[in-house]
Participant: 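Here's a structure for you.
In what follows, every heavy atom counts, from backbone to side chain, and hydrogens, waters and symmetry copies are set aside. Quick note on labels: first sequence line is chain A, next is B, and so on, each numbered from 1.
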There are 2 protein chains.
Amino acid sequence: MIDRVSGVPAYRQVASDLRNKIQAGQYAAGDKLPSERQLIVDYGVSRITIREAIGLLRAEGIVTAEHGKGLYVRAGVSVVRLSRSRLSRAARQDNQAFFLGDAEANAFKPTVQTTVRIEEAGLEHADALGIEPGSPVLVRDRVMSADGVVVQLATSRLPRDLTEGTQIEQGDTGAGGIHARLEEAGVVLHHHRESVATRMPTAEEAVLLQLPPGVPVLAVRRTTYDTTGRAVEVNDMTLVGNRYELVYDIPAD
Amino acid sequence: MIDRVSGVPAYRQVASDLRNKIQAGQYAAGDKLPSERQLIVDYGVSRITIREAIGLLRAEGIVTAEHGKGLYVRAGVSVVRLSRSRLSRAARQDNQAFFLGDAEANAFKPTVQTTVRIEEAGLEHADALGIEPGSPVLVRDRVMSADGVVVQLATSRLPRDLTEGTQIEQGDTGAGGIHARLEEAGVVLHHHRESVATRMPTAEEAVLLQLPPGVPVLAVRRTTYDTTGRAVEVNDMTLVGNRYELVYDIPAD
DNA sequence: GAGTGGTCTAGACCACAAG
DNA sequence: TTGTGGTCTAGACCACTCA
């Protein structure tokens with residue numbers, strides 16, 4: 001099974017072979033792969049070599065290992081489409097309410113844990129909000145779960161002078177969320193700018209989001225501007241990569 | 001250095017320790033880490049254990065290994081911001097021209113390799129284009145490089161009846177690209193819909209994009225619609241995750 | 001209890017980079 | 001030539017799952 005003279009490392013050959021079998025449907029999503037010990041026999045290589053091959057497939061996100069049970073072809077996860085045009089005033093909702101709306105649309109049980117605090121703006125967030133470093137900033141930290149599984153982290157930052165005395169500083173911001181409260185306070189929202197990047201999770205995120213190896217995250221920073229061009233909110237969101245898809249509509253003219 | 005009774009695997013302890021030192025600045029971006037043999041001595045564990053620890057850090061994308069040289073803290077890469085509002089008619093450019101424009105803005109030397117072919121629509125693309133499976137589809141495959149490094153793959157698909165006899169079927173689509181040629185042919189573009197997801201690269205993509213381990217990709221599907229609501233182009237793009245950031249503007253109302 | 005993956009050891013030889 | 005990471009072996013014991 002393994003070509004010893006090709007120059008291709010044995011573990012890569014094993015990985016390729018298993019990958020091909022998975023893609024060919026010989027092992028379907030959710031199927032159990034042969035055990036490590038069986039693979040050792042099948043391919044005639046050592047356990048370390050088999051584990052390196054499996055490690056590749058796990059890093060690619062196509063195989064998962066369950067301790068005491070076996071190796072499985074990762075089942076496709078249901079992807080949630082987030083249509084960002086719903087950020088419009090007509091469908092007013094802050095990210096939390098947004099998340100709750102998604103829950104309804106996608107039939108999962110949502111949970112949101114919120115903590116609110118005030119901090120001094122660091123360089124990065126001061127720059128993003130166009131305020132002086134050290135100015136007071138209201139910070140809303142949210143951990144969002146679907147059916148008990150954490151799927152999204154979000155941290156909103158707003159200049160404190162916009163939020164003082166409003167419901168934004170409460171755990172529950174009320175119907176319509178942060179944006180509705182801002183407009184009630186006389187801030188007229190003009191547009192949002194979302195910046196989307198991807199990376200591997202940090203060690204903490206991997207724990208919080210219960211991420212298996214081989215699953216990247218989407219890092220979205222949404223900055224909301226009012227009609228005077230001032231940034232009134234910066235929302236940093238971390239989404240589990242294999243569960244989300246962001247959809248944007250862009251006019252052609 | 002290693003706590004043998006904590007229950008935390010040695011390789012995780014080693015990884016955490018190195019990660020902390022990197023984050024604390026003890027090893028800066030681009031710095032060389034101690035060699036594997038040195039780490040064996042430092043932590044008093046076997047080479048396999050050290051290599052598993054390094055493997056974690058490589059999967060996280062914060063360390064790279066260079067054969068024969070050593071281990072290095074991955075240097076930050078310059079990120080290219082792609083503002084998607086530039087898809088407007090006023091700034092007309094297809095993805096290739098778009099890419100060339102970016103090159104100018106970001107001072108890198110662009111190269112684009114294009115292949116054109118005709119295929120029968122599969123289920124997925126037929127659905128995306130709203131045509132019958134098996135209908136002829138024009139496919140434009142592009143491999144885009146910056147300073148010789150492949151940074152983006154793109155595959156456009158258009159119903160053949162829209163492209164027959166136009167410059168879209170040539171390697172070079174001319175000024176303004178695909179979209180300009182479509183409008184010349186009487187197709188009035190209405191809007192684009194971009195769907196953004198992230199995942200680990202496939203084995204082929206990892207080779208093509210010369211991706212080190214631990215770097216995910218952004219998978220963007222842009223569907224372009226005309227004023228009759230018909231999908232006229234589906235463009236599947238794969239972007240190197242640590243080099244791109246996508247920026248979208250969303251009106252508040 | 002039997003089988004699974006998780007962790008770990010002490011070696012070995014190879015390919016690559018650099019002085 | 002020396003030192004580096006890359007690959008590989010033949011074991012060992014552990015923790016977990018399930019019958």
Participant: Looking only at side-chain N and O atoms, does A/T49 come under 4.0 Å of OP1 or OP2 in D/dT7?
Facilitator: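 Checking D/dT7 against A/T49, no side-chain N or O comes under 4.0 Å of OP1 or OP2.
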Participant: Protein within reach of the bases, or only the backbone? For nucleotides 11-19 of chain D, mark each nucleotide 5' to 3' as B, S or -, using heavy atoms under 4.0 Å.
Facilitator: -B--BBBS-
Participant: For a 4.5 angstrom cut-off between non-hydrogen side-chain atoms, does A/V215 reach A/Q210?
Facilitator: no
Participant: For A/V8, enumerate each residue passing the side-chain contact (heavy atoms from CB on, under 4.5 Å) test, keeping only those at least two apart in sequence or located in another chain.
Facilitator: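 Partners of A/V8 under the side-chain contact (heavy atoms from CB on, under 4.5 Å) test: A/S6, A/R12, A/Q13.
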Participant: In the structure I gave you, are the side-chain heavy atoms of A/V196 and B/V247 within less than 4.5 Å of one another anywhere?
Facilitator: no
Participant: Report the residues that fulfil side-chain hydrogen bond (donor to acceptor under 3.5 Å, both in side chains) with A/T202, sequence neighbours left out, ordered by chain and then residue number.
Facilitator: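 Checked A/T202 against side-chain hydrogen bond (donor to acceptor under 3.5 Å, both in side chains); zero matches.
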Participant: Please state how far atom CG in A/L33 lies from atom C1' in C/dG5, giving the value in whole angstrom units.
Facilitator: 13 Å
Participant: Sequence neighbours left out, cut at 3.5 Å: what donor-acceptor pairs do the side chains of residues 28-36 of chain A make with other protein atoms?
Facilitator:
unit_1 : atom_1 : unit_2 : atom_2 : d
A/D31  : OD2    : A/A28  : N      : 2.9
A/K32  : NZ     : A/K69  : O      : 3.1
A/S35  : OG     : A/Q38  : N      : 3.2
A/E36  : OE1    : A/R47  : NE     : 2.6
A/E36  : OE1    : A/R47  : NH2    : 2.8
A/E36  : OE2    : A/R51  : NH1    : 2.8

Participant: At under 4.0 Å between heavy atoms, what does B/S46 touch on the DNA or RNA strands: base, sugar-phosphate, or nothing?
Facilitator: base
Participant: Tell me which residues in residues 8-20 of chain A lie within less than 4.0 Å of DNA chain D, going by non-hydrogen atoms.
Facilitator: A/P9, A/A10, A/Y11
Participant: List the residues meeting side-chain hydrogen bond (donor to acceptor under 3.5 Å, both in side chains) with A/E124, not counting sequence neighbours, and say none if there are none.
Facilitator: A/R221
Participant: What integer distance in Å separates A/Q38:CD from C/dA2:C1'?
Facilitator: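 One finds 15 Å between C1' of C/dA2 and CD of A/Q38, rounded.
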Participant: Can you sort out the partners of B/T115 under side-chain hydrogen bond (donor to acceptor under 3.5 Å, both in side chains), two or more places apart, ordered by chain and number?
Facilitator: none
Participant: Got a sec, which residues hit side-chain hydrogen bond (donor to acceptor under 3.5 Å, both in side chains) with A/D127, two or more places apart in sequence or on another chain?
Facilitator: none
Participant: May I ask you to say what A/S35 touches in the nucleic acid, namely base, sugar-phosphate or nothing, with a heavy-atom cut-off under 4.0 Å?
Facilitator: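 The answer is sugar-phosphate, as A/S35 gets under 4.0 Å only of primed atoms, P, OP1 or OP2.
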Participant: Expressed in angstrom and rounded to an integer, what is the separation of B/Y72 atom OH from C/dA18 atom C1'?
Facilitator: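 Atom OH in B/Y72 sits about 10 Å away from atom C1' in C/dA18.
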Participant: For B/R199, which residues count as a salt bridge (Lys or Arg N to Asp or Glu O under 4.0 Å) partner, sequence neighbours excluded?
Facilitator: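 Partners of B/R199 by the salt bridge (Lys or Arg N to Asp or Glu O under 4.0 Å) criterion, ordered by chain and then number, come out as B/E205.
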Participant: Which residues in residues 50-57 of chain A have at least one heavy atom lying under 4.0 Å from any atom of DNA chain D?
Facilitator: none
Participant: Can you tell me the distance, in whole Å, between the CG atom of B/L71 and the C1' atom of C/dC16?
Facilitator: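 Atom-to-atom, B/L71 to C/dC16, this comes out as 14 Å.
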Participant: According to salt bridge (Lys or Arg N to Asp or Glu O under 4.0 Å), who are the partners of B/D17, at least two apart in sequence or on a separate chain?
Facilitator: B/K21
Participant: Please enumerate all residues that pass side-chain contact (heavy atoms from CB on, under 4.5 Å) together with A/L208, with sequence neighbours excluded.
Facilitator: A/L153
